[in-house]
Amino acid sequence: QRLKFVHLAYSCEYDGSRFLGFQYQPRGETVQGELFRVFRSLLRDDFTMRAAGRTDRGVHALGQVISVRSQASFNWSRLLKLSNDRLCPYVRLKNEKSKGWDFHPRFEAILRHYRYVICEDASLAGPTMHAYAAFAPGPLDWDAMQQGNPKLVPFEALQATYHGVWFNHQSKPWDDVRVRKAVSLA
């Protein structure tokens, strides 16, 4: 199906450990650079890409919203599959949605959710975990953390894969910060 113009939004998932962040940089690999490479190969230079936000070096995303807007002559029903076939294995597009021409993911975002993982058991540090968690030298002082930031609200985890702590922060409103102490299932 060929259309005169199209604006598609995607949920973009990526492992940021190999990237210098989301936003394009002239020297080094970025998530935006990888997406540009693929879209350019499929749509030539006739497209605009926008994102809901940026992430720093080493930060991962499960649902960064991006949009692609173009008037290129292309079989749009195949863009998601062809893009994922060409993207490196550390970046994937999901949940394609058609949007109006004036849609902008940054200004229409209603939620941003951040998760920080700190593991209290340094013996679990290893080559597969270093990009996904920080490792404390020992147990965290929960009382001091609560006194240092009264906005931290502790709650117990329902499930976890290892002994650690998850800091959940959802923006809009900014004052909702939660700390979850996870327990080992082993």
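Start at 1 with the first residue, then count along the sequence.
In this structure, a donor-acceptor pair under 3.5 Å is absent between the side chains of S17 and Y90.
Shown here for R57 and L20, the closest heavy-atom pair between the two residues is NH1-CD2, 3.2 Å. Nearest heavy-atom pair, S70 versus W101, reported as atom, atom and distance to 0.1 Å: O-CZ3, 4.0 Å. For the pair Q64 and A61, the tightest heavy-atom approach, listed with the atom from each and the gap, is CB-CB, 4.0 Å. What you find for S77 and N75 is that their closest heavy atoms are OG-OD1, 2.8 Å.
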Trace of the side chain to side chain contact (heavy atoms under 4.5 Å, CB included) decision for L79 with F74: CA-CA 8 Å; L79 185 62; F74 187 77; 3.8 Å; yes
Derivation of the side chain to side chain contact (heavy atoms under 4.5 Å, CB included) call for L35 and L87: CA-CA 7 Å; L35 291 165; L87 284 166; 3.9 Å; yes
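Summarising the local packing, CZ of R92 is surrounded by more than 12 heavy atoms from other residues, nucleotides or ligands at distances under 6.0 Å. The local environment of CZ in R37 is crowded, with over 12 non-hydrogen atoms from other residues, nucleotides or ligands closer than 6.0 Å. More than 12 heavy atoms of other shown residues, nucleotides or ligands fall within 6.0 angstrom of atom CG in D46.
Taking NZ of K99 as the reference point, atom CZ of R69 lies at 14.5 Å (rounded to 0.5 Å). Atom CD of E96 is separated from atom OG of S11 by 12.0 Å, given to the nearest 0.5 angstrom. Separating the CG atom in L42 from the CZ atom in R86 is a distance of 4.5 Å, to the nearest 0.5 Å. Rounded to the nearest 0.5 angstrom, H7 NE2 and S67 OG are separated by 3.0 Å. Atom OH of residue Y24 and atom CZ of residue F36 lie 9.0 Å apart, to the nearest 0.5 angstrom. For the atom pair CD of E108 and CZ of R50, the computed distance is 10.0 Å after rounding to the nearest 0.5 Å.
Note: the hydrophobic cluster containing F19 does not contain L62 (ILVMFWY, side chain heavy atoms under 4.5 Å, direct or indirect links). Grouping the Ile, Leu, Val, Met, Phe, Trp and Tyr side chains by contacts below 4.5 angstrom, directly or via other members, places F103 apart from L43. Note on V91: it clusters hydrophobically with F22, by side-chain heavy-atom contacts below 4.5 Å among ILVMFWY residues. Linking Ile, Leu, Val, Met, Phe, Trp and Tyr residues whenever their side-chain heavy atoms come within less than 4.5 Å places Y14 and L8 in a single cluster. A continuous path of ILVMFWY side-chain contacts below 4.5 Å connects L93 to W76, so both sit in one hydrophobic cluster.
Between the side chain of Q32 and the main chain of Q23, no donor-acceptor pair closer than 3.5 Å is present. Side chain of N95 to backbone of Y10: no donor-acceptor contact under 3.5 angstrom is found. A donor-acceptor pair under 3.5 Å is formed between the side chain of E34 and the backbone N or O of C88.
Below 30°, between 30° and 60°, or above 60°: for H104 and F107 the angle between ring planes is between 30° and 60°, a tilted geometry.
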